[in-house]
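Computed over heavy atoms, backbone and side chain alike; hydrogens, waters and symmetry mates excluded.
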Amino acid sequence: MRASRLVSLLLLLQTKGRMTAHALAAELEVSVRTIYRDVESLHAAGVPLYGDAGPQGGYQLLEGYRTKLTGLTEQEAESLFLAGLPGPAADLGLGDAVAAAQLKLMAALPSSMRDRASRMAGRFHLDAPAWYYDPERSPLLGLVADAVWRERLLEVEYRRWQAPEEVTRVLRPLGLVLKAGRWYLVAQGSSRISTYRVSQIQAATVLEESFERPEGFDLAAHWSASLEDFQARQFTGQAVIRLSPRGWESFASNVLPAVARAAEESAVDDGGQVRVTIPIESIGHATGMLLRMGGEVEVLEPDELRERLVSEVRRLASVYLP
């Protein structure tokens, strides 16, 4: 445990630069006294580490000192961030680099750790795509990734769902995100930062002109905020429904997690059945969602949704009943 903490302390100083004892203690979740002891141990081990007193002080590694993994190329080191995602790494053209990096890491590990790593790899596997969906084919992903990495303007022909469907854009590609087996490009257009589905890019050209990333832009934070905004705008109304015991049991597996949570929070007994209030995206979307459950669900409100379901049921009856 202590050896692991010493390595973590060393890597924190290597990646973040000067840090105070209090900041190190907070990062490693130990006392300041423990940090003092750890620093002394690193000194004794020959690590060129020094500290400065005062408000602007802190511990720092001697300039130029870095820990190294012998034999790793730059591309292999970059690919380590995707070592748990062999499929996406291959999509980005890093499949061979990941394999080579893993082999070099395995060779560098002590035998006991090597055995543990092998056991871990043999017992855990990450499959990114969601159930019932194949990974999307994105033949232009490599080209888009190159523009992201080299910070080059990207001209794309993009197919979207609203008119006009075919548009041409010159984008500042800021990052790529893999979500449920689908790649998304986060890019800045003429005015704002938007998200583009890579599989919907019909053609792309990497331009020679470079661009500057927005100051302080954080891809992970932006993506998280975008998801929250999307979910807030996703639901435009609500419905009150009554579920049979069987319908209630299967309800969560037929709807989005946000709808299932709302149902759980609002559920009340209604004479042996369950009455809930749920958010809905639109009357049309809610109609399709609730039709899947057949007679296990009854819409109580709003009247427009109830009438739409009645209309759809009558239309189905006209097709299937003599």
Side-chain angles (χ1 to χ4, degrees), residues 1-85 89 94 97-98 101-121 123-124 126 148-149 151 174-178 186 193 212-228:
M1 179 68 180
R2 184 164 185 261
S4 174
R5 189 177 66 247
L6 290 174
V7 172
S8 297
L9 190 155
L10 180 58
L11 292 177
L12 278 171
L13 293 175
Q14 180 172 299
T15 55
K16 296 189 175 184
R18 186 192 302 269
M19 295 183 69
T20 66
H22 285 86
L24 287 166
E27 284 277 1
L28 299 175
E29 298 182 349
V30 295
S31 67
V32 174
R33 185 181 297 274
T34 297
I35 295 298
Y36 292 152
R37 289 198 297 265
D38 288 347
V39 169
E40 290 178 2
S41 297
L42 290 172
H43 269 303
V47 176
L49 174 67
Y50 66 93
D52 293 324
Q56 303 300 318
Y59 292 110
Q60 188 172 348
L61 291 169
L62 187 67
E63 185 175 355
Y65 176 83
R66 298 187 67 82
T67 58
K68 295 181 180 180
L69 288 172
T70 303
L72 283 179
T73 67
E74 288 186 4
Q75 189 181 41
E76 289 166 355
E78 292 160 5
S79 74
L80 291 178
F81 292 101
L82 296 169
L85 296 168
L94 293 172
V98 167
Q102 289 175 332
L103 283 174
K104 290 178 180 180
L105 283 174
M106 290 292 285
L109 291 173
S111 59
S112 60
M113 294 180 66
R114 192 183 310 139
D115 292 342
R116 182 178 177 84
S118 296
R119 290 182 63 196
M120 185 73 73
R123 286 161 174 76
F124 297 96
L126 177 61
V148 170
W149 183 247
E151 297 183 347
L174 303 176
L176 284 163
V177 176
L178 179 65
V186 176
I193 298 175
E212 291 187 8
R213 296 170 66 83
E215 186 176 354
F217 177 77
D218 184 315
L219 179 61
H222 172 82
W223 182 258
S224 179
S226 296
L227 288 182
E228 290 182 5

Seminar exercise, completed: Between the CG atom in Asp38 and the CG atom in Leu28, the distance rounded to the nearest 0.5 Å is 8.0 Å
Exercise. More than 12 non-hydrogen atoms from neighbouring residues, nucleotides or ligands closer than 6.0 Å to NE2 on His22, yes or no?
Worked result: no
Exercise. Side chains of Leu24 and Leu13: closer than 4.5 Å at any heavy-atom pair?
Worked result: yes
For this session: Answer whether the closest heavy-atom distance between the side chains of Leu176 and Val186 falls below 4.5 Å.
Result: no
Problem set entry | Separation of Leu49 CG from Glu40 CD (nearest 0.5 Å) | 11.0 Å
For this session: Over 60° means perpendicular and under 30° means parallel, so classify the ring planes of Phe217 and His222, tilted if in between.
Result: tilted
Problem set entry | Stepwise side chain to side chain contact (heavy atoms under 4.5 Å, CB included) check, Glu27 with Met19 | CA-CA 10 Å; Glu27 284 277 1; Met19 295 183 69; 3.9 Å; yes
Exercise. Hey, are the side chains of Glu151 and Glu212 touching, using non-hydrogen atoms and a 4.5 Å cut-off?
Worked result: no
Exercise. Hey, does Ile35 have a side-chain heavy atom less than 4.5 Å from the side chain of Val30?
Worked result: yes
Exercise. Atom CG of Leu174 and atom CG of Asp218: how far apart are they, to the nearest 0.5 Å?
Worked result: 11.5 Å
Problem set entry | Any side-chain heavy-atom pair of Val177 and Leu219 under 4.5 Å | yes
Problem set entry | Any side-chain heavy-atom pair of Thr20 and Tyr59 under 4.5 Å | no
